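Remember, it's a predicted structure, so these values are computed and weren't measured experimentally.
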Amino acid sequence: MTVFRRDGLRAAAAGVCLVALFGAVGCGPDTAPADADRSGAIQAALDDVVRGGFPGAQAVFTTDAGDRTVTAGVGDITTGAPFPVDARVRIGSNTKTFVATVVLQLVAEGKIELDAPLERYLPGVVHGNGNDGNRITVRNLLQHTSGLPEYLAGGDPELRAERGTAQLEVNTEAVRWRRYDPAELVRLAMTMPPQFEPGARSVYTNTNYILLGMLIQQTTGRTASAEITTRIIEPLGLRDTGFPVAGETGISGPHPVGYQEIDGARVDFTDLDPSWADTAGAMIATGSDLNRFFRALLDGKLLPAAQLDEMRRTVPFDRMPEAGYGLGLIHLPTSCGKEVWGHGGSIPGFETRNGVTADGLAVTITVNQLPTSEENAELVQRAFDAAVCSG
């Protein structure tokens, strides 16, 4: 979920520094010329992001040699504290890739069929107002071709519900602190008619991944969070990754403040109950953990070849015409022509853009405020492109 507003706010940039966790330290005098050129291009792109109105920005690079981190701006406007190197942030829709991976593992185990109707697994859940689980497949949910209505509000200029709908406005105090369960979110969606016929096109819709979380629980007898933990997080040693537990509204460990612009004012939106996002976007992670997950996924360490191939079969992506959406995985365009697969996520307070190149370089860009305009969003995209092409 990304929201754009026309009036961007500007934030003063604090000190910037490259923190190198392998190789030479970018702020020091002994950096090799090629490394210095690459670091300079990345630093310049992040500086542009901060000058464009974001409080802070961070790029995390992961290769076989380890991690390195570049930061700009601040993690806390009030104190001037920098963006923490090992910052934990809300990763929004990157959650979808974790969910899709578990679903495809269950497909590989013969417990779910990709092209089976959802009604087989969740009888009676998708019905009413023209919605019909008999006509929607598991694949439709994974690639956003179900046509199901969206339970979340969104769009330009604010997170406002469509007139006459029950969509949730997530930047309101009422939704921010309320606890929701997945079935309730689906029931909200079912009060609205479908957006289009199943399979007719692809429109990114969070309802799809709430249902996939319910599908995982129905199939395994355990929550999607538990399955993601035992199947992905623990085997990969992602110590800073997970779902908030019920009632947990803060972010533990080092983290920047997450800001949201509401009615022209910048608000500290770090703490919230993310249950409204659930398996569509509630997870927390660090940039390095995200990089490790996506590298492992694309290296074939989490899925058999057949299921990974299915994951990379794309349809046109309505939110980025140059990209393609697979099964919880996005084929991303780059100015340098590099092959990149990843996802990205937006949630009030944070936006991440991430991907892995064919040669194994993983990059995550994080900003601690959602874009406030198309121009802001383009700055973040350019920073990601610079990181991938120069990193």
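Residues Leu185 and Val203 do not share a hydrophobic cluster, clusters being chains of Ile/Leu/Val/Met/Phe/Trp/Tyr side chains in contact below 4.5 Å. When hydrophobic clusters are built by joining Ile, Leu, Val, Met, Phe, Trp and Tyr residues whose side-chain heavy atoms come closer than 4.5 Å, directly or via intermediates, Val60 is not grouped with Leu361. There is a path of hydrophobic side-chain contacts, each under 4.5 Å, that joins Val170 to Leu272. A single hydrophobic cluster is not seen to contain both Ile347 and Phe83; linkage of ILVMFWY side chains at heavy-atom distances under 4.5 Å, directly or through other members, places them apart.
Between Asn354 and Asn94 the shortest side-chain heavy-atom distance falls below 4.5 Å. Side-chain contact between Leu329 and Arg312 is present, with at least one heavy-atom pair separated by less than 4.5 Å. Within the 4.5 Å cutoff, side-chain heavy atoms of Leu114 are placed close to those of Glu310. Considering only heavy atoms from C-beta on, Arg313 stays 4.5 Å or farther from Leu327 through its side chain. The side-chain heavy atoms of Phe54 and Val380, taken from C-beta on, include a pair separated by under 4.5 Å. Taking the side chain as every heavy atom from C-beta outward, Ile216 and Thr219 never approach each other to under 4.5 Å. Taking 4.5 Å as the limit, every side-chain heavy atom of Tyr180 sits out of range of all side-chain heavy atoms of Asp273. When side chains are defined from C-beta on, Trp177 counts as touching Asp271, because their heavy atoms get closer than 4.5 Å.
A side-chain donor from one of Ser288 and Thr286 sits under 3.5 Å from a side-chain acceptor of the other. No side-chain N or O of Thr334 forms a donor-acceptor pair with one of Asp385 less than 3.5 Å apart. In the model, Glu351 has a side-chain atom that pairs as donor or acceptor with a side-chain atom of Ser346 under 3.5 Å. A donor atom on one side chain and an acceptor atom on the other are found under 3.5 Å apart for Glu339 and His331.
Salt bridge present: Asp48 and Arg51 bring a charged side-chain N and a carboxylate O closer than 4.0 Å. Using a cutoff of 4.0 Å between basic side-chain nitrogens and carboxylate oxygens, Asp67 and Arg292 are scored as salt-bridged. Residues Asp132 and Arg135 are not paired through a salt bridge, judged by the lack of any N-O separation under 4.0 Å between the basic side chain and the carboxylate. Between Arg239 and Asp86 there is no salt bridge, since no side-chain N of the basic residue sits under 4.0 Å from a carboxylate O of the acidic one. For Glu227 and Arg222, the salt-bridge test passes: some basic side-chain N is under 4.0 Å from an acidic carboxylate O. Using a cutoff of 4.0 Å between basic side-chain nitrogens and carboxylate oxygens, Glu109 and Arg231 are scored as salt-bridged. Using a 4.0 Å cut-off between a side-chain N of Lys or Arg and a carboxylate O of Asp or Glu, Glu184 and Arg178 qualify as a salt bridge.
Nearest approach of Pro198 to Asn140, heavy atoms of both residues: CB-OD1, 4.2 Å. For the pair Pro256 and Arg88, the tightest heavy-atom approach, listed with the atom from each and the gap, is CD-O, 3.8 Å. Shortest non-hydrogen contact noted between Leu122 and Leu211 is CD1-O, 3.7 Å. For the residue pair Arg90 and Ile284, the shortest heavy atom distance occurs at NH1-CD1, 3.9 Å. Annotation for Val388 and Lys338: closest pair O-NZ, 2.9 Å, computed over non-hydrogen atoms. Across Leu236 and Phe293, no two heavy atoms sit closer than the pair CD1-CA, 4.0 Å.
Asp318 places a side-chain N or O within donor-acceptor distance of the main-chain N or O of Tyr204, the cut-off being under 3.5 Å.
A side chain to side chain contact (heavy atoms under 4.5 Å, CB included) with Leu141 is found for one member of Val126, Asn208, Thr205 and no other, namely Asn208.
Aromatic ring centres of His144 and Tyr209: separated by under 6.0 Å. Note: His343 and Phe98 fail the aromatic proximity criterion, with ring centroids not under 6.0 Å apart.
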Asn291/Thr364 under side chain to side chain donor-acceptor pair (under 3.5 Å): CA gap, chis, key distance, verdict: CA-CA 7 Å; Asn291 287 347; Thr364 293; 2.7 Å; yes
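Of the inter-residue distances, the one linking Leu379 atom CG with Glu375 atom CD reads 8.5 Å to the nearest 0.5 angstrom.
Geometric assessment of Arg353 against the ring of Phe384 yields a negative cation-pi assignment under the 6.0 Å and 45° thresholds.
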